[in-house]
Amino acid sequence: MEISALELQTIMNKIVSKRTDIKTDGFSLDTCRTMVNLMDDSGNGKLGIGEFATLWKKVQRYLNIYKKNDLDNSGMMSTPEMRIAFNDAGRFLEQ
């Protein structure tokens with residue numbers, strides 16, 4: 001079983017639409033194509049179950065970082081919150 005970028009978009013948007021702790025317009029098709037391209041080990045333009053599982057773990061990790069660093073619980077990140085979130089994700093920004 002494999003999913004295309006369009007199917008991934010449908011799945012991801014159903015998931016994030018149920019979350020009240022994040023303000024988002026959802027995942028664009030272009031974003032889902034990029035995620036598929038990054039995770040597609042077989043090169044067939046679709047995600048197999050293992051590839052999707054790896055992607056899902058990454059998405060969960062970043063959602064947890066987001067939730068942890070949205071200090072004012074606004075559902076959006078301010079610049080200082082974003083800097084801390086980047087650091088938590090292992091991406092360091094110079095000042």
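Fair warning: this is a prediction, and the values are worked out from it, not measured in the lab.
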Would you check if the side chain of [X] reaches a backbone N or O of [Y] as a donor-acceptor pair within less than 3.5 Å?
X	Y	value
Glu2	Asn44	no
Asn13	Gly26	no
Tyr66	Ala85	no
Ser74	Asp70	no
Tyr62	Lys57	no

Any chance you could lay out the side-chain hydrogen bond (donor to acceptor under 3.5 Å, both in side chains) test for Asn73 and Asp21, step after step, and finish with the verdict? CA-CA 7 Å; Asn73 295 315; Asp21 57 336; over 6 Å; no
Minimal non-hydrogen separation, [X] against [Y], with atom names:
X	Y	answer
Cys32	Ala5	CB-O, 3.5 Å
Lys14	Lys18	O-CG, 3.4 Å
Leu47	Val36	CD2-O, 3.9 Å

For Met1, what are the other residues in its hydrophobic cluster, where any two members join if their side-chain heavy atoms are less than 4.5 angstrom apart? none
Linking Ile, Leu, Val, Met, Phe, Trp and Tyr through side-chain heavy atoms less than 4.5 Å apart, which residues share a cluster with Leu6? Leu29
Heavy-atom side-chain proximity of [X] to [Y] below 4.5 angstrom:
X	Y	result
Met12	Val16	no
Asp40	Glu51	yes
Ile3	Lys46	no

Once rounded to the nearest 0.5 Å, what's the spacing between atom [atom1] of [X] and atom [atom2] of [Y]?
X	Y	atom1	atom2	value
Arg19	Lys67	CZ	NZ	6.0 Å
Phe27	Ile11	CZ	CD1	11.5 Å
Gln60	Ile15	CD	CD1	7.5 Å
Met39	Thr34	CE	OG1	13.0 Å

Step through the shown structure and confirm whether more than 12 heavy atoms of other residues, nucleotides or ligands are within 6.0 Å of CG on Leu38. yes
Heavy atoms from other residues, nucleotides or ligands near CG of Asp72 exceed 12 (cutoff 6.0 Å): yes
Derivation and outcome, side-chain hydrogen bond (donor to acceptor under 3.5 Å, both in side chains), residues Ser28 and Thr31: CA-CA 5 Å; Ser28 70; Thr31 298; 2.9 Å; yes
Leu71 with Ile65, same ILVMFWY side-chain cluster at under 4.5 Å: no
